[in-house]
Every structure is written in structure tokens, then in C-alpha cells.
Amino acid sequence: MTNKLTSIEFDGRVLSFSETVRTRRSYRGFLPTPVPQDTLTRVLEDAQRAPSNCNTQPWNVHIVSGQKLAALSVLLHEKHQTSDTTPDFTFDMNHFYGVYGERKNAQGKAYYEALDVARGDIDGRKRASGYNLSFFNAPHVALLFMPSFGDNVRVAGDIGMYGQTLLLSLAAHGLGGIPQTSLGFYAEPIRQFLNIPQDMKMLFGISFGYPDESAPGNRMKMDRVDISESVTFHS
Ligand SMILES: Cc1cc2nc3c(=O)[nH]c(=O)nc-3n(C[C@H](O)[C@H](O)[C@H](O)COP(=O)(O)O)c2cc1C
């Protein structure tokens with residue numbers, strides 16, 4: 001691995017750190033064009049620089065592309081149809097209370113509005129959530145697995161560090177991605193499909209590629225609350 005400092009150019013421009021952070025967003029629609037292998041390698045080398053508890057680097061990353069990705073999508077849609085989920089870690093959106101629940105609701109509303117799915121349209125909503133399992137048409141997905149240690153909270157934090165570093169590197173290279181907990185609902189069939197050992201647990205996946213700016217799923221842009229709602233200064 002090289003530690004040489006490089007500046008990244010696309011469209012003849014170099015993005016500052018601030019621009020990279022603000023350019024990154026979750027994309028829900030991609031062009032079929034695959035990412036060149038050398039670009040993918042550079043992005044993965046960037047992500048590998050993520051910090052972790054005691055430098056354990058617990059990320060075990062599986063990149064799926066091409067025919068294999070198409071076959072995986074078919075399998076996941078089959079499981080989705082029968083609601084056959086096998087997550088390694090619980091996820092219940094009903095647990096989000098107060099402002100967290102409000103923010104979750106605002107995000108869901110923005111997504112369904114972008115797709116013109118009405119509030120009471122149950123089938124439309126199921127179809128829309130199913131787009132996750134088509135990887136939003138991305139040509140690649142990175143599936144993030146981890147070893148299990150204790151209650152796994154610290155390990156999951158490390159995987160989050162890795163995921164964000166990967167996403168920022170994608171943004172800096174003119175690419176886009178979306179982290180997807182929804183892929184982790186199918187941890188067991190994914191493990192079997194890719195022959196991944198049982199002791200590797202899946203946290204989430206990141207579909208990525210060249211964003212399709214005209215895709216309906218990319219019409220929404222999520223805002224953030226003011227830092228005064230998240231940060232307390234003590235002195
Ligand atoms: C760990 C993680 C898992 C996520 N899972 C999903 C998912 O399964 N499906 C989805 O459409 N968006 C998913 N998101 C994307 C969030 O909805 C998105 O990050 C948030 O609304 C903020 O929008 P932005 O990323 O465009 O700034 C996930 C984000 C994170 C960090």
C-alpha cells in the first residue's frame with residue numbers, strides 16, 4: 001500500500017476536504033458504467049486508512065459486481081417477497097423516540113415523495129424499499145462484515161469509520177454510494193451465497209458507482225439540524 005500524498009482530480013477540479021464532505025450524499029440511482037479497477041483500488045486504499053480500536057482493522061469487505069451481483073439481487077428479492085429476514089444485528093425503527101423518530105419520518109417522507117409514492121400506498125412502499133435489493137442499479141456493492149467481539153458496539157463503530165472513509169473517497173473521486181442497513185437483513189443468504197464463514201457478521205453494505213443524477217431517487221437532499229442541537233460546549 002502506498003502512503004504517497006496525491007490530489008484527486010475529476011472534471012479538471014480538485015475537491016477541498018470541505019467540498020468532499022458536502023458533495024457526499026446518499027445516491028439512490030446509478031449509471032451501469034463500472035468503476036475502473038485502479039480507481040476502485042485507490043478508494044479501497046483510502047478506506048483502509050480508517051481508524052479502529054487498538055488498530056484491529058476489523059472490516060472484512062466483500063465487493064460484488066457483474067453477473068454475481070445480478071444473481072445476488074435475484075436471491076435478495078426472493079427473500080424480500082417472503083419477508084425472510086436473518087439480520088445479525090437488530091434494527092427496529094420503532095425504537096427511534098422523540099426528535100430521532102421525527103427525523104426518521106422526515107427522511108422516509110422525502111424518499112417516498114421523490115418517488116411519487118403516496119403515503120397509504122403499501123405496495124408502492126414495498127416496491128420502493130425493494131430498490132435497495134437491486135442496489136439502486138449500482139454496478140458494485142461493498143458488503144461490510146466484521147468479527148464478533150463482546151457486545152460488538154466498538155467493532156460496529158470501527159466499521160462505521162471505515163464506511164464513511166470509503167464514502168468520502170468515492171465522493172472525492174467523482175463517484176457516489178449509499179450505506180444500506182437493509183442489505184444486512186439478509187446476512188445469512190449473503191454469507192451462503194459468497195461462502196463467507198459463519199463467524200463473520202454483516203453490519204451493512206454500500207452500493208456504489210457513478211450516480212445517475214436524473215434518477216427519481218436522487219431528487220431528495222437531506223438537510224441537517226444546526227450544530228447547536230447536537231453539540232454542547234463545556235469550559
Ligand atoms: C449505516 C447506515 C445505513 C443506512 N441504510 C440505508 C438503507 O438501508 N436504505 C436507504 O435508502 N438509506 C440508508 N441509509 C442512508 C440514510 O438514509 C442517509 O444517510 C441519511 O438520510 C442522510 O442523507 P445523506 O446520506 O444523503 O446525507 C443509511 C445510512 C447509514 C449511515
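Both counts, for ligands and for their atoms, begin at 1 and track the order of listing. None of these values were measured; they are calculated from a predicted model.
Atom numbering of ligand 1 starts at 1 in the shown order; those under 4.0 Å from a heavy atom of Asn132 are 7 (C), 8 (O), 9 (N), 10 (C), 11 (O). In the vicinity of Arg25, heavy-atom distances shorter than 4.0 Å reach the ligand 1 atoms 26 (O).
Arg24 counts as a contact of ligand 1, since one of its heavy atoms falls under 4.0 Å from the ligand. Ligand 1 has at least one atom lying under 4.0 Å from a heavy atom of Arg224.
Closest protein heavy atom to atom 3 (C) of ligand 1: Thr181 OG1, 3.1 Å.
Across the listed options Gly184, Pro179, Ala106, Ser207, Pro179 owns the non-hydrogen atom lying nearest to atom 31 (C) of ligand 1. The closest heavy-atom contact to atom 8 (O) of ligand 1, among the options Gly177, Gly176, Ser26, Ser182, comes from Ser182.
By the 30° and 60° cut-offs, the orientation of the rings of His62 relative to Phe145 is perpendicular.
Using modelled atom types and a 3.5 Å distance limit, the side chains of Asp226 and Ser228 yield a donor-acceptor pair. In this structure, a donor-acceptor pair under 3.5 Å is absent between the side chains of His95 and Thr90. A donor-acceptor contact closer than 3.5 angstrom is absent between the side chains of Asp158 and Ser52. For the residue pair Glu188/Gln198, the side-chain donor-acceptor check at 3.5 Å is satisfied.
Residue Gln180 touches ligand 1 through backbone and side chain together, judged by heavy-atom distances below 4.0 Å. If you look at Ile178 next to ligand 1, the close heavy atoms, those under 4.0 Å, all belong to the side chain. Residue contacts with ligand 1 for Arg28 involve side-chain atoms from C-beta outward but no N, CA, C or O (heavy atoms, distance under 4.0 Å). The side chain of Gln107, and not its backbone, has at least one atom closer than 4.0 Å to an atom of ligand 1 (non-hydrogen atoms only; side chain from C-beta on). Neither the backbone nor the side chain of Gln164 has a heavy atom within less than 4.0 Å of ligand 1.
Here the side chain of Asp212 pairs no donor or acceptor atom with the backbone of Gly29 at under 3.5 angstrom.
Summarising the local packing, CG of Asn195 is surrounded by 12 or fewer heavy atoms from other residues, nucleotides or ligands at distances under 6.0 Å. Residue Met161 places its CE atom among 12 or fewer non-hydrogen atoms of other residues, nucleotides or ligands, all under 6.0 Å distant.
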